[in-house]
Number of protein chains: 2
Amino acid sequence: MEPATHLRIAQPGVMTHECSLAITAMKEHYFDDLKVGDRFESESLNVTEKQLIEFAHKFDPQMFHLSRKAAERTIFKGLVASGWHTAAMTMRLFVRTLNFAEAVIGLGVDELRWPNEVRPGDVLTVETEIIHLRPSRSRPGYGIIRLRNLTTNQRGEIVQTMLASAMVRRREQQSKG
Amino acid sequence: MEPATHLRIAQPGVMTHECSLAITAMKEHYFDDLKVGDRFESESLNVTEKQLIEFAHKFDPQMFHLSRKAAERTIFKGLVASGWHTAAMTMRLFVRTLNFAEAVIGLGVDELRWPNEVRPGDVLTVETEIIHLRPSRSRPGYGIIRLRNLTTNQRGEIVQTMLASAMVRRREQQSKG
């Protein structure tokens, strides 16, 4: 009933390259395809100094995000990404991994934390775990998912954690009873 | 002891233009300048269709963020900004308003919500309220602030709410006893 779904579920130790191949083949995802405890691993994303500085100029113009030289004199001893840039990159990886039919509508985020810095040259991946599922009460064609997103760098250090609630499409109501 | 601080405190009904003038004249802000209940109003920021689509291409490539035509057929009946774009624009306004000495280091965010959509042509402002203050236990030169950021559009509709914790510099320890 859910062909190829196993391709999307991250195994501990699965490398990102293998996951990228799986992701390329992914079809759309509906609320009804998910169950609590499902885990998904994203492809990977390289963080460049240029992107980091560009984001900072637009949205978070502070010394440790803007210039390598100025950043060396700050508490971070070098350039670090804005937490909001990390959040945005996480969204990119999450959206491409889960690939929801007709998109995913964010309802809210809790416990957004940045336990380690993101620096130029880092390679990020996102692991998503489904922690709660319920049909929408107000919109019959939709379901509400609660998930945990964990963003890690190439050394396995956690750079961001968050809980999120989102609304996603249900399949037409003939396959589920 | 805190000259010109009153310039930064938003009065109910103060228009954004007046605030912008105040902001231009703003000096740096330290932990010790703040007290619980202080409120600050940002200058305003125009949301353009081009910026909205550009952000979506990079970070949140979904139909209702990417194309005016495709967005008309979605639940939003038109283009809307990614919630992460709204969060990033809020950061920009917040950083410029509070203008912390040696920057503000984000520790975490809770209860991030998007109760109304942001659409092209909207004009956003951010109101910041200080809700808790304490000296840092681990870093004597810093203080931890807890704040609420409320992002509203030109009609006064709330488009984003959040609570945040951040670390900011203290003044040299001779003026506070």
Side-chain angles (χ1 to χ4, degrees), chain A residues 45 51 54-66 70-71 73-76 80-96 98-115 117 139 141-142 160-169, chain B residues 45 51 54-66 70-71 73-76 80-96 98-115 117 139 141-142 160-169:
Chain A
L45 182 66
Q51 288 162 356
E54 188 184 306
F55 188 98
H57 270 288
K58 283 185 186 156
F59 300 116
D60 195 350
Q62 304 200 80
M63 277 184 296
F64 38 63
H65 304 319
L66 282 173
R73 295 190 302 270
T74 68
I75 194 169
F76 295 114
V80 296
S82 167
W84 297 107
H85 191 190
T86 303
M89 292 188 285
T90 296
M91 185 64 185
R92 179 194 175 89
L93 291 169
F94 167 72
V95 164
R96 290 166 68 115
L98 273 293
N99 190 28
F100 283 107
E102 295 180 40
V104 52
I105 297 161
L107 300 177
V109 169
D110 292 285
E111 299 176 33
L112 177 59
R113 301 288 181 272
W114 300 284
E117 299 87 39
R139 295 181 184 271
Y142 289 86
Q160 186 184 279
T161 59
M162 58 177 258
L163 296 169
S165 296
M167 193 168 78
V168 299
R169 270 313 264 184
Chain B
L45 183 66
Q51 288 163 356
E54 188 185 305
F55 188 98
H57 270 287
K58 282 184 187 158
F59 301 116
D60 196 350
Q62 303 199 83
M63 276 185 297
F64 38 63
H65 304 319
L66 283 174
R73 296 190 302 269
T74 68
I75 195 169
F76 295 113
V80 296
S82 167
W84 297 108
H85 191 191
T86 303
M89 291 188 285
T90 296
M91 186 64 185
R92 179 194 173 88
L93 291 169
F94 167 72
V95 165
R96 290 166 68 116
L98 274 291
N99 189 29
F100 283 107
E102 296 181 40
V104 52
I105 298 162
L107 301 176
V109 169
D110 292 283
E111 299 176 32
L112 177 60
R113 301 287 182 271
W114 300 285
E117 298 86 40
R139 294 180 183 272
Y142 290 86
Q160 185 184 281
T161 60
M162 58 179 256
L163 296 170
S165 295
M167 192 168 80
V168 298
R169 269 314 263 184

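Just so it is clear, the structure is predicted and the values come from calculations on it, not from any experiment. Just so it is clear: chains get the letters A, B, ... in the order the sequence lines come, proteins before strands, and each one is counted from 1.
Of the two parts of B:R73, neither the backbone nor the side chain holds a non-hydrogen atom closer than 4.5 Å to a non-hydrogen atom of chain A. For a residue to count as touching a neighbouring chain, one of its non-hydrogen atoms must lie under 4.5 Å from one of that chain's; by this rule A:F94 does not touch chain B. For chain A, the nearby part of B:V95 is the side chain; its heavy atoms alone come within less than 4.5 Å. Looking at B:F100, there are no atoms closer than 4.5 Å to chain A (heavy atoms on both sides), in backbone or side chain. Neither the backbone nor the side chain of B:V80 comes within contact range of chain A, judged by heavy atoms closer than 4.5 Å.
Using a 4.5 Å cut-off on side-chain heavy atoms (C-beta onward), B:L112 and B:W84 make contact. By the 4.5 Å heavy-atom criterion applied to side chains, A:I105 and A:R169 are not counted as neighbours. At a threshold of 4.5 Å between non-hydrogen side-chain atoms, the residues A:V109 and B:W114 count as touching. Counting only heavy atoms from C-beta outward, the side chains of A:E111 and B:D110 approach each other to under 4.5 Å.
A search for side-chain hydrogen bond (donor to acceptor under 3.5 Å, both in side chains) contacts involving B:H85 returns nothing, not counting sequence neighbours.
When each of B:A103, B:A56, B:A88 is checked for heavy-atom pairs under 4.5 Å with chain A, B:A88 comes out on top. Each of B:R139, B:Q160, B:Q51 has some count of heavy-atom pairs under 4.5 Å with chain A, and the biggest count is that of B:R139. Chain A forms the most heavy-atom pairs under 4.5 Å with one residue out of B:D60, B:L107, B:T74, B:I75, and that residue is B:I75. Chain B forms the most heavy-atom pairs under 4.5 Å with one residue out of A:F55, A:F76, A:F59, and that residue is A:F59.
Taking NZ from B:K58 and CZ from A:R92, the interatomic distance works out to 10.5 Å, rounded to the nearest 0.5 Å.
Heavy atoms only, all atoms of each residue included: A:P61 and A:L66 are closest at C-CD1, 3.6 Å.
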